[in-house]
Each structure stands twice: as C-alpha cells, then as structure tokens.
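Okay, so here's the structure we're looking at.
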2 protein chains.
Amino acid sequence: MSTAVSAKHSDAASLVSNTIGEITRHIRAHELGPGDRLPSEAALSRQLSVSRTVVREAFSSLAAMRLIDLRAGRRATVAELDYGAMSLVIEHGVHTEQITVQQIYDVRRTIETRTAMLAALRRTADEVERIRTHALAMRENFQRPEQVMEHDLAFHLELAKAAKNPVFSLIVGAFERVSRQTWPIGWRSRPSDAEQLEMIQIHIDLAEAIETGDPQSARDLMARHFDESVKALLAAGIA
Amino acid sequence: MSTAVSAKHSDAASLVSNTIGEITRHIRAHELGPGDRLPSEAALSRQLSVSRTVVREAFSSLAAMRLIDLRAGRRATVAELDYGAMSLVIEHGVHTEQITVQQIYDVRRTIETRTAMLAALRRTADEVERIRTHALAMRENFQRPEQVMEHDLAFHLELAKAAKNPVFSLIVGAFERVSRQTWPIGWRSRPSDAEQLEMIQIHIDLAEAIETGDPQSARDLMARHFDESVKALLAAGIA
DNA sequence: AGGGCAAACCTGTATGGCAGGTTTTTCCAG
DNA sequence: CTGGAAAAACCTGCCATACAGGTTTGCCCT
C-alpha cells in the first residue's frame with residue numbers, strides 16, 4: 001500500500017466548482033452560522049449568471065460534505081459540524097485498500113488517549129452520566145453484540161464530546177462507519193465471555209476515572225484498551 | 001461555542017442519496033481501486049431507473065468528497081485518498097465559529113507529536129531529504145513570509161507522509177486550508193527576526209532528529225513547536 | 001387579534017438538447 | 001499486414017423547460 005495522500009489543486013475552473021466557491025464565500029462574507037438560510041437556487045442562478053442546474057449541483061456537493069442542509073421546499077441552511085462526510089472518506093480509503101484497519105487503530109489510539117485525558121479534566125456531571133450509562137449498557141447487553149457495539153461507539157463519541165474540542169469529535173466520528181464494519185471482527189477475536197467482559201470492564205473503569213477526574217489513569221486505560229484491541233485483531237489475522 | 005458534532009441519520013431516502021449509495025456499493029462489490037473506471041452516467045441512469053440528472057448529482061457529490069474523479073468526456077474514475085473535502089469541512093467549522101484556532105492547535109499537537117515520532121522511526125532517505133529541504137528553504141526565504149508558509153505546510157505534510165500512515169496525512173492535510181488563513185497571524189505575532197528564526201530553527205532541528213532516527217527528540221521538538229505557536233497566538237490575542 | 005386558507009415560492013426530479021472532449025473503430029496508405 | 005490518421009460513437013458539462021409536491025407568506029375572515 002502506498003501512503004500517498006494528495007489534494008487536487010482545485011483551479012479546475014468548472015462552473016460548479018466556482019459556484020461552490022461563491023457560495024462558501026457568501027457564507028463567510030455574511031458571517032452566516034448554523035441554521036442561517038442561503039439564497040434560493042433561482043436567486044443564485046440569476047446572481048451568478050449560471051443555470052439552476054449548476055447551482056443545484058453546487059448545493060448538492062456542499063450538502064454531500066455536510067456544509068449545508070437541504071430539504072424539499074425549504075431554503076438551504078448552513079449546517080452544523082458533521083462528521084458524515086469525513087466518515088465516508090475514511091470508509092472509502094479502507095474499501096479501496098488505501099488504509100488498513102491497523103493504521104486506523106494507531107490514529108484512534110493517538111487521538112483517544114488525548115480525549116480521555118481531556119474528558120477527565122473537563123467533563124460535566126451530565127457527560128459522566130451518559131458515558132457511564134453506555135459503559136454499563138455494554139455489560140448488561142453483553143450477549144447481544146449488536147447492542148454492545150452501539151454503546152461502545154456511543155461511549156467513545158460521548159467521551160470525545162466531553163473533551164470539549166469539536167475537532168476531536170469530528171475525528172472520532174470519522175471512524176464510525178468503518179468501525180461498524182470491523183467491530184464484529186474484534187469481538188469474535190475475543191471468544192470467551194471472560195475476555196469480552198474484560199474489554200467491557202475497561203470501559204467501566206474509564207468512566208470511573210473520568211468521573212473522579214484522573215487524567216493519567218484515563219489516558220492509561222484508553223491506551224491499554226487500544227493495545228489489547230490491536231492484539232486481538234492481530235490474533236484474528238488482520239494484518 | 002457548543003461542542004456538539006453530529007451525523008445526520010441518512011435514511012433520507014432521496015433518489016440522489018440512494019444513488020450515491022448504489023455507486024459506492026458498486027465500487028465495493030467490484031473491488032475497484034484508484035483509477036478504475038465507473039459506468040457512464042447514462043448506463044447508471046438506465047440500470048438504476050433514475051434520470052441522468054440524479055446520477056449527475058450523485059457523481060457530483062461523490063466528486064465533492066473526492067471519492068471519485070470527474071473529467072469532461074471521460075468516465076468517472078475511483079479517486080486516490082484526498083484530504084480536500086476534509087479540509088473544507090474544517091474550514092467551514094472555523095468560519096462558522098464552531099471551531100477555534102486554539103482547538104485546532106491542540107489536535108495538531110496531539111497528532112503531530114505522534115507523526116514526528118513515527119517519522120523518526122520509519123522515514124526513508126528520500127523523505128529525510130525532502131523534509132530537510134523544506135526546513136532549510138524556510139530559513140533561506142525567511143524574509144518572504146509567503147514562501148516560509150508554503151515550505152512550513154509542506155514540511156508538516158511531508159513529515160506525516162514519512163510516518164507511513166495515510167490517515168495521519170489525511171488529518172494533517174485537513175488543516176491545510178485553515179492554516180493558510182491563520183498562519184500569517186502566527187508569523188506576525190513573532191515580530192523580531194530572532195523569534196522568527198527560532199521558530200524556523202525548530203523545524204531544522206526536527207529534520208535532524210528524524211534523520212538520526214531519534215523519536216523522543218523528534219516528539220519533544222514537535223511538542224515545543226506547538227507550545228510556542230500557541231503561546232505566540234495567545235500573545236497576539238487569538239482566544 | 002387570531003386562526004385558517006390560498007397564493008407564491010421553493011426544491012426534487014425528469015426530459016431533451018447541444019457543445020465540446022475522449023475513446024473506439026474504421027479504413028487507407030505504405 | 002501494419003501504422004497511423006480520420007471518422008464515428010460515446011461521454012460529460014451545461015442549459016432550458018416542465019411539473020409534482022412541500023413550505024412559507026400573507027391575506028382575509030371571524
């Protein structure tokens with residue numbers, strides 16, 4: 001696998017690309033925030049002297065990146081931060097074999113040891129509650145892997161949120177789609193109840209470390225979680 | 001600023017979304033890799049029983065996320081990993097005030113202390129050469145900020161590449177667009193030649209640590225680099 | 001003033017068309 | 001039979017128009 005990652009120099013002066021640029025410029029110039037409405041397709045079409053088709057494709061592209069929200073009949077609105085697009089990019093990279101699962105685990109370990117620390121320092125009572133709830137739900141439902149996975153994913157996202165840095169949330173979320181597909185592999189590679197419960201216990205311990213506000217402990221637990229996950233994956237033959 | 005980051009549950013069964021799903025499924029099912037060609041718009045239009053308009057918007061959206069490449073007259077092809085879309089998402093987050101510059105620096109510090117370590121362990125001779133070249137070019141051109149910035153950005157990207165994990169490249173690249181806009185602020189907040197050269201010197205030292213294969217030293221230098229950058233930004237009043 | 005209804009507006013999707021760029025086929029010359 | 005050029009077929013970028021719904025606005029009646 002190559003590690004080449006590039007960005008096309010987008011001087012591709014197609015009408016659609018230019019229109020996308022104009023729209024983002026409009027957002028910036030008018031200092032629009034999430035929820036604010038953009039001009040209608042017809043209005044932009046006139047204003048920029050392009051057909052409605054072009055404006056539509058520009059809107060469609062921006063919606064694909066989740067920069068704006070589109071709904072029938074309604075005007076387009078500026079969107080809230082959303083990791084949907086990034087998640088698709090990562091998924092695409094894995095499916096086209098440009099990214100391996102192990103590489104993702106390395107990045108997640110790097111990111112999430114940090115979010116664990118920050119969460120321990122910055123979490124609110126509500127967040128602790130939600131984090132703990134997910135950890136406990138993993139144990140309660142531990143015979144229904146589907147449930148365990150959902151709470152596992154939610155646990156990590158909630159923890160990132162408690163770190164109070166939306167960029168971490170974005171990145172953790174970016175791995176969601178891929179995680180849904182690789183999670184069962186990791187689960188099956190822990191064949192005994194004991195091993196599965198052990199993995200779940202780490203989450204419970206993590207919740208506790210975050211509650212008591214112990215960043216070192218939280219970081220170490222998260223690091224251990226990922227180290228053991230990678231070990232399990234390797235044992236299952238995922239190279 | 002709120003730290004809410006979500007992902008719309010895309011059961012939005014619009015024709016375009018479904019078509020996007022069908023196309024990505026096609027890529028997966030046929031195990032297409034970068035450069036492989038997709039069916040024509042007309043073919044997909046017939047195959048999925050939707051108008052060419054819908055297929056076009058689906059293609060357009062996928063191209064916006066850089067999952068496929070589009071060029072006039074040519075068939076759409078599967079794209080290589082590209083951080084263009086992610087860079088736009090981050091830029092959007094900053095412009096709509098959902099992300100602060102400081103938050104980005106925290107993430108970059110987390111990520112890049114890791115890439116520095118890995119680069120020291122895994123770099124090839126070629127990569128060392130390119131990294132050093134950029135660092136030296138920063139010093140040579142240090143009276144032309146534009147040049148310094150370009151080599152600075154290239155330095156960090158090249159370093160991520162040397163870490164041999166494309167996901168790190170993706171993330172470092174994701175900050176490129178925003179960095180281009182905030183970099184001058186950081187530069188101006190180091191008013192004296194001495195301070196500017198000191199910042200550049202860290203890059204040169206980093207290149208050396210990576211050449212000699214000293215991961216600890218590389219990590220520490222990178223950490224120091226970000227700590228001082230944040231300090232400079234704060235001094236300039238960027239909260 | 002308030003509530004409901006109709007008109008105006010807006011987006012989603014479809015069809016047909018044309019200008020150029022690209023690929024494939026064909027066919028001629030050597 | 002081969003090399004290569006011309007032509008045909010195909011493809012995408014962009015446009016105009018049309019119509020079915022969903023949404024917003026504003027008016028009118030109570």
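Per chain, numbering begins at 1; letters A, B, ... match sequence-line order. These numbers were taken from a predicted model, which means no experiment stands behind them.
Remark: C1' of C/dT11 and CG of A/L44 are 13 Å apart, rounded to the nearest angstrom. For A/L38 and C/dT11, the CG to P distance is 10 Å, given to the nearest whole Å. Atom pair A/L62:CG and C/dT11:P shows a separation of 14 Å (rounding to whole Å applied). D/dC14 atom P lies 11 Å from atom CG of B/L70, rounded to whole Å. We find that CZ of B/F59 is positioned 11 Å from P of D/dC11, with the value rounded to whole Å. Between B/I68 atom CD1 and D/dG13 atom C1' the separation is 14 Å, expressed in whole Å. Spacing between atom CD of A/E41 and atom P of C/dA8 amounts to 21 Å, rounded to whole angstrom units.
A salt bridge is absent between A/E146 and A/R180: the closest approach of a Lys/Arg side-chain nitrogen to an acidic carboxylate oxygen does not fall below 4.0 angstrom.
When distances are taken from the side chain of A/S40 to each of C/dT13, D/dC15, C/dT11, the shortest belongs to C/dT11.
Residue B/R71 qualifies as open at atom CZ: its count of foreign heavy atoms under 6.0 Å is 12 or below.
In this structure, the side-chain contact (heavy atoms from CB on, under 4.5 Å) partners of A/R130, at least two apart in sequence or on a different chain, are A/D126, A/E127, A/E158.
With A/H92 contributing its side chain and B/L67 its backbone, the two residues share a donor-acceptor pair below 3.5 Å. At least one donor-acceptor pair closer than 3.5 Å links the side chain of B/D36 to the backbone N or O of B/G33.
Of the side-chain N and O atoms in B/R56, one or more sit less than 4.0 angstrom from OP1 or OP2 of D/dG13.
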Protein-nucleotides 18-27 of chain D N/O pairs closer than 3.5 Å?
from, atom 1, to, atom 2, distance (Å)
D/dT24, OP1, A/R74, NE, 2.9

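Of the options A/R177, A/R66, A/E176, a side chain to side chain donor-acceptor pair (under 3.5 Å) to A/Y83 is made by A/E176 and by none of the others.
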